[in-house]
Each structure stands twice: as C-alpha cells, then as structure tokens.
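Values in this document were obtained by computation on a predicted structure and should not be read as measured data. Counting convention: from 1, in listed order, for ligands and their atoms alike.
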Amino acid sequence: MLKMSTESRNASALRRHALNGPAMGSRWSAVFFAADDFDAAALARSFQSAVDRIEQQMSSWRADSDLAHLNAAPIGAWVSIPHELVTVLAVALKIGRLSEGAFDIGVGDLVRAFGFGSGARTPDAGLIARVAGRPSFEPPKTLQLDIASRRARRLALLQLDLSGIAKGFGVDELAREAQRSGLTSWLVGIDGEMRAEGLKPGGRPWAVAHEKPIPGSREILGVLDLSGAAVATSGAYRHVAEVEGRRVSHTIDPRRGRPLESDLAAVTVLAETCTAADAWATALMVAGAERGLELASRLGLAALLVRSDGSVLSTLPTPPRRPVGPAPRARVSSRGTLCGRSPRRGC
Ligand code: ADP
Ligand code: MG
C-alpha cells in the first residue's frame, strides 16, 4: 500500500511529453513521462540524429547511403561499413536462415523491378525479365560479413535491401536514446513499429492500437498493452502496386522471385527488440499461414497472423523463447483476439 501511494505521488509530478520528426519516408514519434524541467528539446535532437544516422547507413533510397556504397562496390571487394550496419546485416542473415529463406535481404533488384524501390514507381518489364533468373541469396556464398573488422562484401550480383528491418532497428535506436537520457516510461515508434518501456503514471502499460488489415480501414482489431517489448506489423494491405492489372504487395516471395501472393493479410510480431519484430513480421508474412504458424511455434515467436478472410490465427500467448528474448508483456485472448482495452467479447 505504502509503495503504491509513493508511486502515485511521484507520478503526479511527471508530465507527458510528445515529440516527433521525419524518419525513413515516414515519421518517428516518442511519448514519455518526465519531470517538468526535463530537457525535451535536447532529447528530440538525439532522437532525430539517431534516426538520421540509421537512414544514412541503411536507406535504399539514398544514392550516398552506406548500403548503396556496398551495393555499388565491385563483386568480391570488401567494403568498410559502420557498426550499426554490420549489426543489422548480421541479424538479417540470422533471421533469413531461421526463416528458411523467407526473410531475404537479397531482393533489392526484385523490389526495384516491380516498382517499389527508389526511382521508378512503376513495374519495369525489362528489369523484371533480367532479374527473374537472379542467383538465390545464399550467404555466405553471396554475401560475406567480417563482423570483427566491420566490413562486408558481395560475391554475386545482388542488390541488398534492408527496408524490411531498418525501421525496426531505428526504433531500437530511439529506445536506446530514451534509456540513455534516464527515462523509465516511454513509447517510441516509426510508422507503426513501436517499442515501449515502463508503465504510465497510474500503473497502466502503454496501449497500442492494432489496425484491422483492410485497405483504407481505420477500424481496430484490438488494443495491445505494451511494456518492455516491441511490436511490428507487416501487411499486404499497406503498400501495393499494380502489375498486369493486379494489385501486388511490396513484399517479395524470394522462392518465386515475384511479389508475394499470400493467404495472410497481416502479421504482427511481439519481440524484445523492434529489429526482430520488424524482420519476423515480414518473414512470417512471406512464409504464409501454414508455414508461418509452424515457424512461429517452433521458434517460440509471439505472433498474430491475420488471414485474408479476416480470421485471426495466433501462436500467442506462448511465451517466446530464444532467439526472441524474454516474454513481451502483452495479452491476447485464447481465441487470438488482442486484449487490453479491446471492446471485443472474449477478452
Ligand atoms: P513496411 O515497410 O510496410 O513496414 P515491411 O517491414 O514488411 O513493410 O518491409 C517491406 C520491405 O522489405 C519491402 O518494401 C522491401 O524493400 C523489403 N522486402 C520485400 N520482400 C522481402 C523479403 N522477402 N525479405 C526481406 N525484405 C523484403
Ligand atoms: Mg518488416
């Protein structure tokens, strides 16, 4: 009792701060509770320079990014890269391996050919024909990392694309800045990929709305209580282009070398880091309902899979095991509906 009343007295001295800025073609945001005299402007600058640094390293859209330099280097030549980029490449390769190739950062040419990358926004038939027979991405045959010396080299004519993981890593960098500034209660995110720590004054976890994966819909599937965890969603409904009169997803099915035609509308993954949540959301989306569920339960991933017909499949609330980390604190009903403040029955 004493502890609770002390907490609420401290809590009342805290003020809610909200910051945001441009990030990776979208926006970063941060909400946190801190004392009135907390230097929020200084933290906003740290947040901005963290996301700018990651974008400068990992963007597929900037001709001068470190990733672009690696993609432009002669085959076989080692290229020095910053340590964050080495880290992300290493995590991407690991998730690529664990997902049996569903997560594949060697899809850059295909992303561009189908009109999703930088440059042309329409499918390029000539490029599609050329990259259809691209070598499959089989590190270390196609990409080698020298983690200790912070360098990488391509061994095949493949364009690397980190857009399926870089945003999540950017969120983890925001989290690191929040931690470094001494904050204990915060929610940070980039374009819907979020990570939260601590509880709000009053003892409630941070609440994140989970949208229904229906194009143009603002309806929510539920509200996710988030604390000490990250969440990311990959959905076929968010970015689409038209190819031969059909709407196609910006996610590539690496096995077929074409845009993904999935039986899933969206996948949401909870993990300790947003890097893992982001990459696994893409990976499970590519894997599809059956293989995705099997992978998630085998690897102990906390994932919510939504089929194209709107039915919800889930491996939650299985507590995640390695490699994802300790169980994220979020609740989902036994029927797979996200709980918290969801108005749905069954929660
Ligand atoms: P969003 O940008 O909506 O958050 P994702 O995190 O699912 O979406 O990332 C999609 C991006 O990942 C694509 O635009 C593309 O650049 C890249 N990508 C596409 N297919 C794959 C894949 N199979 N594995 C890894 N990255 C992919
Ligand atoms: Mg992703």
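For ligand 1, the atoms sitting less than 4.0 Å from at least one non-hydrogen atom of D278 are 6 (O), numbered in the order shown with element in parentheses. Near K167, the atoms of ligand 1 lying under 4.0 angstrom from a non-hydrogen atom of the residue are 1 (P), 2 (O), 4 (O). Ligand-side atoms of ligand 1 in range of E193: 4 (O), range being under 4.0 angstrom from any heavy atom. Close contacts of ligand 1 with V286, meaning ligand atoms under 4.0 Å from a residue heavy atom, involve 23 (N).
Only protein atoms were considered; those of element N, O or S under 2.8 Å from the Mg ion (ligand 2) number 4.
Scored by the salt bridge (charged side-chain N to carboxylate O under 4.0 Å, His left out) test, D161 finds no partners at all (sequence neighbours excluded).
Of the N or O atoms in T251, none lie within a sub-3.5 Å distance of an N or O in ligand 1. On a distance-only criterion, P254 and ligand 1 share no N/O pair closer than 3.5 Å. Residue-to-ligand polar distances keep T233 apart from ligand 1: every N/O pair is separated by 3.5 Å or more. The shortest N/O to N/O separation between V111 and ligand 1 does not fall below 3.5 Å.
Of the inter-residue distances, the one linking E138 atom CD with L158 atom CG reads 10.0 Å to the nearest 0.5 angstrom. Expressed to the nearest 0.5 Å, how far CZ of F103 lies from CG of L93 amounts to 9.5 Å.
Ionic pairing of R15 and D36 is present here: one or more N-O contacts between side-chain nitrogen and carboxylate oxygen are shorter than 4.0 angstrom. With salt bridges taken as basic N to acidic carboxylate O contacts below 4.0 Å, one links E100 and R298. Salt bridge status for D172 with R195: present, with a side-chain N to carboxylate O gap under 4.0 Å. Using a 4.0 Å cut-off between a side-chain N of Lys or Arg and a carboxylate O of Asp or Glu, D253 and R258 do not qualify as a salt bridge. E294 has no carboxylate O lying under 4.0 Å from a charged side-chain N of R291, or vice versa, which leaves the two without a salt bridge.
Residues L160 and I147 fall within the same hydrophobic cluster, defined by Ile, Leu, Val, Met, Phe, Trp and Tyr side chains chained together at heavy-atom separations under 4.5 Å.
Heavy atoms of A102 come nearer than 4.0 angstrom to ligand 1 in at least one pair.
When all heavy atoms are compared, the tightest approach of E177 to A50 is CG-CB, 4.0 Å.
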